[in-house]
Amino acid sequence: QVQLVESGGGLALAGGSLRLSCAASGRIFSSSVMGWFRQAPGKEREFVSAVSWTGSIIFYGDSVKGRFTISRDNAKNTVYLQMNNLQPEDTAVYYCALDRSSQPSRHRNDYDYWGQGTQVTVSS
């Protein structure tokens with residue numbers, strides 16, 4: 001089993017920044033992909049970003065490209081999401097996810113484990 005715990009959410013002003021962290025524990029496969037998704041009230045869970053084990057393959061959702069940066073520290077079993085130039089439409093619960101395959105995916109059904117989520121609220 002794998003446990004994922006997100007942190008770093010909170011309240012930000014439009015144009016501001018937040019950094020999310022996700023710490024993984026348990027049976028973590030060396031080829032695991034880590035991803036971030038988000039879900040706003042009344043909307044479906046949306047892909048934000050994903051990174052391969054080595055960090056050589058990274059995907060971003062169109063709505064966050066150029067503003068968010070994903071990174072990972074495998075020694076700490078942690079993945080990060082640096083969010084800059086936040087906008088009110090970024091308000092959502094952000095979820096960390098782990099995919100045991102080696103190929104990053106934008107599809108939530110490809111992910112095997114999920115964190116509990118952390119709330120990000122951006123005010124204008």
Side-chain angles (χ1 to χ4, degrees):
Q1 278 288 48
V2 173
Q3 294 77 41
L4 303 173
V5 179
E6 303 98 335
S7 61
L11 178 65
L13 294 175
S17 299
L18 286 174
R19 188 193 195 203
L20 305 183
S21 299
C22 172
S25 61
R27 192 180 177 190
I28 301 167
F29 297 89
S30 61
S31 61
S32 297
V33 167
M34 299 296 294
W36 288 96
F37 288 75
R38 67 185 183 185
Q39 189 165 16
K43 295 188 176 181
E44 292 194 355
R45 194 164 296 190
E46 174 191 19
F47 171 75
V48 175
S49 185
V51 59
S52 63
W53 174 259
T54 62
S56 61
I57 302 174
I58 290 177
F59 294 155
Y60 292 102
D62 289 341
S63 60
V64 306
K65 204 172 295 183
R67 300 187 298 123
F68 290 10
T69 302
I70 192 171
S71 61
R72 68 189 294 170
D73 184 340
N74 293 332
K76 296 181 179 179
N77 291 327
T78 300
V79 63
Y80 305 96
L81 186 68
Q82 177 67 43
M83 307 185 294
N84 297 331
N85 191 22
L86 283 162
Q87 300 300 316
E89 52 266 35
D90 295 317
T91 296
V93 177
Y94 283 71
Y95 296 92
C96 173
L98 184 147
D99 176 1
R100 290 176 296 180
S101 76
S102 60
Q103 179 63 40
S105 170
R106 296 177 171 87
H107 304 293
R108 62 183 180 183
N109 290 340
D110 289 336
Y111 288 80
D112 303 292
Y113 300 97
W114 293 84
Q116 295 284 75
T118 185
Q119 176 70 46
V120 170
T121 303
V122 184
S123 63
S124 57

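Heavy-atom basis, side chains included; hydrogens, waters and symmetry copies ignored.
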If we ignore hydrogens and angles and just use 3.5 Å, is the side chain of [X] paired with the main-chain N or O of [Y] as donor and acceptor?
X	Y	answer
Glu46	Glu44	no
Thr78	Lys76	yes
Asp112	Arg100	yes
Asp99	Gly35	no

Worksheet item: Is Lys43 atom NZ crowded by more than 12 heavy atoms from other residues, nucleotides or ligands, each under 6.0 Å away?
Response: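 No.
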
Discussion item. Atom CD of residue position Glu89 - does it have more than 12 heavy atoms of other residues, nucleotides or ligands inside 6.0 Å?
Written reply: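 Yes - once you tally the heavy atoms of other residues, nucleotides and ligands closer than 6.0 Å, there are more than 12.
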
State the [atom1]-[atom2] distance between [X] and [Y], to the nearest 0.5 angstrom.
X	Y	atom1	atom2	result
Asn77	Gln3	CG	CD	11.5 Å
Gln1	Arg27	CD	CZ	10.5 Å
Leu11	Thr91	CG	OG1	8.5 Å
Ser123	Leu86	OG	CG	10.5 Å
Ser31	Gln103	OG	CD	11.0 Å
Leu4	Ser25	CG	OG	7.5 Å

Nearest heavy atoms of [X] and [Y], plus distance in Å:
X	Y	value
Val79	Ser71	CG2-O, 3.1 Å
Ser49	Leu81	CB-CD1, 4.3 Å
Ser17	Gln82	CB-NE2, 3.9 Å
His107	Ser105	N-OG, 2.9 Å
Ser124	Pro88	CB-CG, 3.9 Å
Val120	Gly9	CG2-CA, 4.1 Å

Practice prompt. Determine whether the side chains of Arg72 and Ser32 contain a donor N or O and an acceptor N or O closer than 3.5 Å.
Written response: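 Side-chain D/A pair, Arg72 to Ser32: absent.
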
Discussion item. Please tell me whether Tyr111 and Phe37 form a close aromatic pair, meaning their ring centres lie under 6.0 Å apart.
Written reply: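 Centroid distance Tyr111-Phe37: below 6.0 Å, so yes.
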
May I ask whether [X] and [Y] are part of the same hydrophobic cluster, defined by side-chain heavy atoms of I, L, V, M, F, W, Y residues being less than 4.5 angstrom apart, directly or through others?
X	Y	answer
Tyr95	Val64	no
Tyr60	Val33	no
Tyr80	Met83	no
Leu98	Phe47	no
Ile57	Ile70	no

Worksheet item: Quick one: which of Glu6, Arg38, Gln39, Gln119 gives a side-chain hydrogen bond (donor to acceptor under 3.5 Å, both in side chains) with Tyr94?
Response: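 Going through Glu6, Arg38, Gln39, Gln119 one by one, the side-chain hydrogen bond (donor to acceptor under 3.5 Å, both in side chains) with Tyr94 is satisfied by Arg38 alone.
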
Practice prompt. Would you please test Trp114 and Cys96 for side-chain contact (heavy atoms from CB on, under 4.5 Å) and show each step?
Written response: CA-CA 6 Å; Trp114 293 84; Cys96 173; over 6 Å; no

